[in-house]
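Notes to accompany the following structure.
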4 protein chains.
Amino acid sequence: MSYRSSEKTRRKKDSKRTAMMQAAVQVFAEKGYHAATVRDIVGAADVAIGTFYFYFPDKETLFVYLYEETADFLLQTIQQAVAGKQTLPQQVKAGVQAYINLAVYEPAVVNLLLVGGIGAVPSLAEKRLEFRRQLTRLWQRLLDAAVADDAIPAQDTRHSAEFIAGGCDEIILGLLEVPNPEPFVQNAADDLTTLVLRAVGMPD
Amino acid sequence: MSYRSSEKTRRKKDSKRTAMMQAAVQVFAEKGYHAATVRDIVGAADVAIGTFYFYFPDKETLFVYLYEETADFLLQTIQQAVAGKQTLPQQVKAGVQAYINLAVYEPAVVNLLLVGGIGAVPSLAEKRLEFRRQLTRLWQRLLDAAVADDAIPAQDTRHSAEFIAGGCDEIILGLLEVPNPEPFVQNAADDLTTLVLRAVGMPD
Amino acid sequence: MSYRSSEKTRRKKDSKRTAMMQAAVQVFAEKGYHAATVRDIVGAADVAIGTFYFYFPDKETLFVYLYEETADFLLQTIQQAVAGKQTLPQQVKAGVQAYINLAVYEPAVVNLLLVGGIGAVPSLAEKRLEFRRQLTRLWQRLLDAAVADDAIPAQDTRHSAEFIAGGCDEIILGLLEVPNPEPFVQNAADDLTTLVLRAVGMPD
Amino acid sequence: MSYRSSEKTRRKKDSKRTAMMQAAVQVFAEKGYHAATVRDIVGAADVAIGTFYFYFPDKETLFVYLYEETADFLLQTIQQAVAGKQTLPQQVKAGVQAYINLAVYEPAVVNLLLVGGIGAVPSLAEKRLEFRRQLTRLWQRLLDAAVADDAIPAQDTRHSAEFIAGGCDEIILGLLEVPNPEPFVQNAADDLTTLVLRAVGMPD
DNA sequence: CATGAATGAGGGTTCATTCAT
DNA sequence: AATGAATGAACCCTCATTCAT
């Protein structure tokens, strides 16, 4: 996964492993868990099928692992963007910006998390649930703090956080539908920030 | 699908067809496109597997058809709820209420639309896109009218509509996760209405 | 299995099922459990591979079933041959004769039981053990009765029975090695009878 | 194989080769030819998989070689035990004793010869045949000499020898089924000796 | 000598689809 | 109309074997 490309671990031995994981993220993101075959993945990585099973125990384990890792990465990316900011407007702006940047730069990350492999893989449904829960909680923490500071009115911050999370996803998915979204990124980020802040009752 | 109970396909001769379609919605919604087998569907409908292929050309066609029909039904349900209302707050309240009611009473409808077989079924990606577009447009029309009436400030109503659509979905999915969501419905509807109205800049 | 050919159940519907079971006995007997592939079996039965899984849950289940059925059949065949006889010499003669006849007429039955699928299939090792135990017990019962009648001297009848069972198998396997064993059958049966009777101390 | 501990293959350089052969006997004996994987063997010998193919051309060749060597060892062990004895009773007693001792001390030797990969390995069927033939011939030679000395009555010594060989195997396998067979060894040896001598018509 | 990453044929099994009854 | 036995392509995965280091 190129978003991990900053890691120093670049041992030759793992080049195939890395290639397969990158390929797997793409293939899973594009087709979803079921439609993606192991042959698709090894084909994209240009290795033999046996190589897959040398590095990974099976398709499901890899998918779950990739899903978790991708989810963590996305959550941390947003979290870090938000971390240094003091006020809710700054936090929202930074978080939204980070999310959009990630989606535009690594669309597979977002697609993997949303296209999903829901159904039939029991361990997956709960992983997805867990991811949504964590994403929601991230927003919720910010809102709770803002409520405590009287920056925004009292409200059911869980609902608000869910609303924000879902709204962001939808706008971002819309953004990814156009071939070259870069020109629209800033606009989307600004609009999204405004929408979020208004939704939670932040005075202009 | 109980929401189709008044259609013409109710002729006795088509009872098996209807049974299979109802079963298919449930099975697809529960397992997703790939994990749902034709045998699951005919098993749930209590007919033979050959019967499936007498009424439907194949699994994919049925799924796409069901997806379209379900999407139309959801859109019309919301549209009708909104239709008689004059002001944006009334419209939002009615639309949100209708959406939530539908989700709680017919969770399979929502699940079918969201669980998806994206990627898996090539022709489905665009169907899904089309559904989201229509759902967004539905909100967008209301917002555009409100902007024209100076009820809410000028804004990119497409972005706003996407935000609303995504936010609604997320809250509704959260609602469906609990076993007996009925007690929480009113609360969710109220919160959702508030969030939507605030997000688009409607003064309290 | 042709040794069940006397059954009246000859429904057309089960012709493929029967063909596969017959083929399976042959293939398993010839190659053993592991080397026999499902494709071998369906090839021998001239049906498609999917047909196998329409009738049987999986390869292992079929093998265990066939093994049990074959073992029961062999045990009952010997048991019945022995049943009407009063004296030990008559019983031994009849039992040995029956066993040899079966082996010559249905070599696959014997081969299936002896070539086996030992190793790796846990449920199989005990099945084989159980079969040997039952075969031994069959002889042991005869010997115990003979000891009680003072027809033969007191002895560890379990050891004697094991000795007999193993000795019979070896002679029979030797018999099956020649292409046309029929001419040697009578001789083998006589020798075997003498050996068994002598071994247990039956006076000439 | 501990029974090979005094051979020339003991040179330091071949320690890995030896380790693999010892491991292979155990693994093959325990799982049978097919279920035993090359990885099982190298794992048990604690060497890399490539090392296997440096010393042995392939799995099948090793198995056949091990089978032959094991068969020879067993035959020689019995042969040597019998060699110094003059009378049939002494010979039988010594041979049976040697066989049982070997089975109890080196169960893998016996299991390897009996668990088999019959059918699975084409070249093995004849190896097994050859082993049984030699084992039978060993007994047959003793019987022929005894017949010539009028120690036992004239008989088809081939049949008698087969009977003995099979009978021994069965009792020995029965012995190996119990976890700690040592206490039963003497009893089994005595019974077996008696059974063999009686079977061939040796007067008490 | 020794290693273990890499290969791919092949095995068990599933499931959409067909067709004779 | 309706059935369900039959089909076979395709899936996931294993494992004997090779070869660059």
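Scope of the values below: all heavy atoms of this structure, side chains included, with no hydrogens, waters or symmetry mates. Order of the sequence lines sets the chain letters (A, B, ...), proteins ahead of strands, with each chain counted from 1.
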Test side chain to side chain contact (heavy atoms under 4.5 Å, CB included) applied to C:Y55 and C:M21, step by step:
CA-CA 10 Å; C:Y55 285 108; C:M21 290 182 67; over 6 Å; no
With sequence neighbours excluded, what pairs up with B:E126 under the side-chain contact (heavy atoms from CB on, under 4.5 Å) test?
none
Sorted by chain and number, sequence neighbours left out, side-chain contact (heavy atoms from CB on, under 4.5 Å) with C:K127 holds for C:V64, C:Y67, C:E68
Output one line per pair: protein atom, nucleotide atom from nucleotides 11-14 of chain E, and distance, for all N/O pairs under 3.5 Å.
from	atom 1	to	atom 2	distance (Å)
E:dG12	OP1	C:K59	NZ	2.8
E:dG12	OP2	C:V38	N	3.0
E:dG12	N7	C:R39	NH1	3.0
E:dG12	O6	C:R39	NH2	3.4
E:dT13	OP2	C:Y53	OH	2.7
E:dT13	OP2	C:K59	N	3.1
E:dT13	O5'	C:Y53	OH	3.4
E:dT13	O4	C:R39	NH2	3.4

Review item, side-chain donor-acceptor pairs of residues 37-51 of chain C, under 3.5 Å, at least two apart:
from	atom 1	to	atom 2	distance (Å)
C:T37	OG1	C:R39	N	3.4
C:T37	OG1	C:D40	N	2.8
C:T37	OG1	C:D40	OD1	3.4
C:T37	OG1	C:D40	OD2	3.3
C:D40	OD2	C:K31	NZ	3.1
C:D40	OD2	C:T37	N	3.1
C:T51	OG1	C:A48	O	3.3

Between atom [atom1] in [X] and atom [atom2] in [N], what is the gap in whole Å?
{"X": "A:F54", "N": "F:dC13", "atom1": "CZ", "atom2": "C1'", "result": "16 Å"}
{"X": "A:M20", "N": "E:dT7", "atom1": "CE", "atom2": "P", "result": "9 Å"}
{"X": "A:I41", "N": "F:dC11", "atom1": "CD1", "atom2": "P", "result": "12 Å"}
{"X": "D:F28", "N": "F:dC15", "atom1": "CZ", "atom2": "C1'", "result": "13 Å"}
{"X": "A:D46", "N": "E:dA6", "atom1": "CG", "atom2": "C1'", "result": "13 Å"}
{"X": "A:Y55", "N": "F:dC12", "atom1": "OH", "atom2": "P", "result": "21 Å"}
{"X": "A:L62", "N": "F:dC13", "atom1": "CG", "atom2": "P", "result": "11 Å"}
{"X": "B:D14", "N": "F:dA1", "atom1": "CG", "atom2": "C1'", "result": "11 Å"}

Would A:K59 count as a cation-pi partner of A:F52, with NZ or CZ less than 6.0 Å from the six-membered ring centre and within 45° of the ring normal?
no
Note every stem involving DNA chain E: at least three consecutive Watson-Crick or G-U wobble pairs, i with j then i+1 with j-1, with both distances under 3.5 Å.
E:2-21 with F:2-21
Between E:dC1 and F:dT21, how far is it from one P atom to the other, in whole Å?
22 Å
side-chain hydrogen bond (donor to acceptor under 3.5 Å, both in side chains) partners for A:E60, two or more places apart
A:S123
Going by the rule side-chain hydrogen bond (donor to acceptor under 3.5 Å, both in side chains), which residues pair with C:D72 if we only count those two or more places apart in sequence or in a different chain?
none
Identify, with sequence neighbours excluded, every residue that meets ring-ring contact (aromatic ring centres under 6.0 Å, His included) alongside A:Y53.
none
Residues at least two apart in sequence or cross-chain that pass ring-ring contact (aromatic ring centres under 6.0 Å, His included) with B:F131, listed by chain then number, are none
